[in-house]
Amino acid sequence: MKGGVLAVAAALAGAAGSLVLLADALTPGSVPLAFWALVLGVTALSWIGLERLAGVDRPRWIGGLVVPGLFGLLLLYLWQVLTVGFDVPAVLLPSPARIGHQLAANAGLLWQDFRQTFLKSVLAGFTLGSGLGFLVAVLVDRSPFLQRGLLPLGALVSAIPIVGIAPIMVMWFGFDWQSKAAVIVVMTFFPMLVNTLAGLGSASEIERDLMHSYAAGYGQTLLKLRLPSALPFIFNALKINSTLALIGGIVAEFFGTPVVGMGFRISVEIGRMNVDVVWATIAVAALAGSIFYGILALVERGFTFWHPSYRQEQS
Amino acid sequence: MQTLRTDTTMSADSLRPASREDNRPVAIDIRDLSLTFRTADAPVTALSNVDLQIRAGEFVSLIGPSGCGKTTLMRVMADLARPTSGHITVNGLSPEQARLARAYGYVFQAPALYPWRSVRRNLMLPLEIMGVPASEREARAARYLEMVGLKDFANKFPWQLSGGMQQRVSIARALSFEPKLLLMDEPFGALDEITRDHLNEQLLRLWEQTQKTVIFVTHSIPEAVFLSSRIVVMSPRPGRILEVIDCNLPPDRTLDVRETPEFLTIAHRVRVALRAGHSYDD
């Protein structure tokens, strides 16, 4: 543990030093070999340090937060020194510092895009698609006829590419976020339907016999046994859908949108060769997607603490 | 290879309950019951011409090797399986009516506790389903947890308990809605012998206290002899009753009774009967 902290501290100092050198004393594109030796040393030191820290069991936040956080920093550092050191054109790959600068400079614009794409299309489409998928699953589960009839149809719908339906949804629901939400509904409905159906069938025979022996009705068995045992499946679908919804929301904006939105920004700024802004938008999307996923994973833990995959942390 | 025999029911006398107890009402009445499962290759006769009468307050063990139909017979009583032919009544009702009247508590081979419910709330599950008011649910859960010696574990989750404790919770759960009939399907089969001995003694005390009718499936001879007032010996292919053995050990017995000549005599009779069943296969 102590050795790991020392190595990481030394690596951080080396990294800071090399970044100052690169910014003030060296010319991008013609960096001396000694500098790359320094970068290699920093990388090796942080690798050794992280290897040690990753083996630490307690406190848990070291393995859970500090190690991945530092590893992320290392990757950003390498990205920075390589792009600046080799003077990579910003059109191909801008440095993290430039992307950060664009994030700060365009904060107002990026917030508008985020509100349009994430807070309107993605959240509405995700909620509606997942909710409908869940409700239909509960209904279909009761009727073998619907199960036979709807499941193949669902498979068909899920095979439709978004680039195909996005323009049609624009025709149906207009240019604003409603048509993007509709694309997301189509994308998220089927994963939720299939997962919920599998979850509703996941209770063991003995658990169902128990309910039968109590002469429990359909509703009681559903509420007290089948839905709780379906929860891990439902959360699985929610996590899949959170990613799908963001992809769908952004891509759908390529096919007609008001002059705001993350997908709109990417398609317009790439045309103007403003790659920095594209990368800044990508950074916002990645951050929003991770936080969305993280919140769902936390809620999942709260609801399915009893599932074997989470038990060890409790007892 | 395999011959199906239908002429295997023993003399009718051995199937009747001990005559001195005839004044007690009949809890379970089974006459000429057969059950055939349809499988992919050939139909399997799980039960063949079974006759059995069980009186209220009896502790009856069904014993026999795997495949002898002892669990199937109990599942028929619980309306978890339907007989192909024959008659059966449970408390004078059909098994389905008896199930709808919540006449029995069933203890399965596995504890079947719901992992998302605490021990206390697992106990309250049948009470919730049966519409018992909340205050009464709490009181019953507390009472029956205390009866099985687990009141300090009320707020734990099932997976934080040992296997023996989990099975005690499942017994308390079956008792919580106070059925007169307890159906127990190898409840201690997965436990180690020391835990099993301990639970056997607890179950015997529980039976004496509550005066319930208990049907108990097992494949352990000592367990059957120790617990039962009658032992029904069954045999496979087809599943049928070979012999019914009375078991009159003193009511306040402890595990020490297993060293007495009376115990060993009954255990020997059971073993001989089981061996007779096996010779059909060899």
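Quick caveat: nothing in here was measured; it's all calculated off a predicted structure. Residue numbers start from 1 in every chain, and the chains themselves are labelled A, B, ... in the order their sequence lines are given, proteins ahead of strands.
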Would you say that more than 12 heavy atoms from the other residues, nucleotides or ligands in this model lie under 6.0 Å from the CZ of A:F145, or not? no
Crowding at NZ, A:K224 (>12 non-hydrogen neighbours, <6.0 Å): yes
B:E96, CD atom: more than 12 neighbouring heavy atoms under 6.0 Å: yes
Is it the side chain or the backbone of A:T221 that comes within 4.5 Å of chain B heavy atoms, both, or neither? neither
Using every non-hydrogen atom in the two residues, find where A:S213 and B:R99 come nearest and quote the distance to one decimal. O-CG, 4.0 Å
If you round to the nearest 0.5 Å, how far is CZ of B:R173 from OH of A:Y214? 4.0 Å
Does B:E146, at its CD atom, have more than 12 non-hydrogen atoms belonging to other residues, nucleotides or ligands within less than 6.0 Å? no
Please classify the contact of A:L223 with chain B as side chain, backbone, both or neither, using a heavy-atom distance under 4.5 Å. neither
For atom NZ of B:K180, decide whether the heavy atoms of other residues, nucleotides or ligands shown that lie under 6.0 angstrom number more than 12. no
Gap between atom NE2 of A:H212 and atom OH of B:Y106 - 0.5 Å precision: 11.0 Å
So CG of A:D209 and CG of B:D185: to nearest 0.5 Å the spacing works out to 10.0 Å
Check the orientation of B:W159 and A:F305. Use parallel for under 30°, tilted for 30 to 60°, and perpendicular for over 60°. tilted
Show the nearest heavy-atom pair for residues B:L125 and A:M211, with the distance to one decimal. CD1-CE, 3.9 Å
Between the main-chain N or O of A:S229 and the side-chain N or O of B:Y114, is there a donor-acceptor pair closer than 3.5 Å? no
Greater than 12 external heavy atoms within 6.0 Å of A:R208's CZ: yes
Check each atom of A:Q220 against the heavy atoms of chain B and say whether the ones under 4.5 Å are side chain, backbone, both or neither. side chain
Greatest number of heavy atom pairs closer than 4.5 Å to chain A - which of B:I129, B:L113, B:L183: B:I129
Specify the closest pair of heavy atoms between A:L210 and B:A112, including all atoms of both residues, with the distance to one decimal. CD2-O, 3.8 Å
Between B:A78 and chain A, with a heavy-atom cut-off of 4.5 Å, which part of the residue counts as in contact: side chain, backbone, both or neither? neither
Toward chain A, the part of B:R102 with a non-hydrogen atom under 4.5 Å: side chain
Kindly check if the number of other-residue, nucleotide or ligand heavy atoms within 6.0 Å of CD (B:E193) is above 12? no
Should we say atom CZ of A:F118 is surrounded by more than 12 heavy atoms from elsewhere, each under 6.0 Å from it? yes
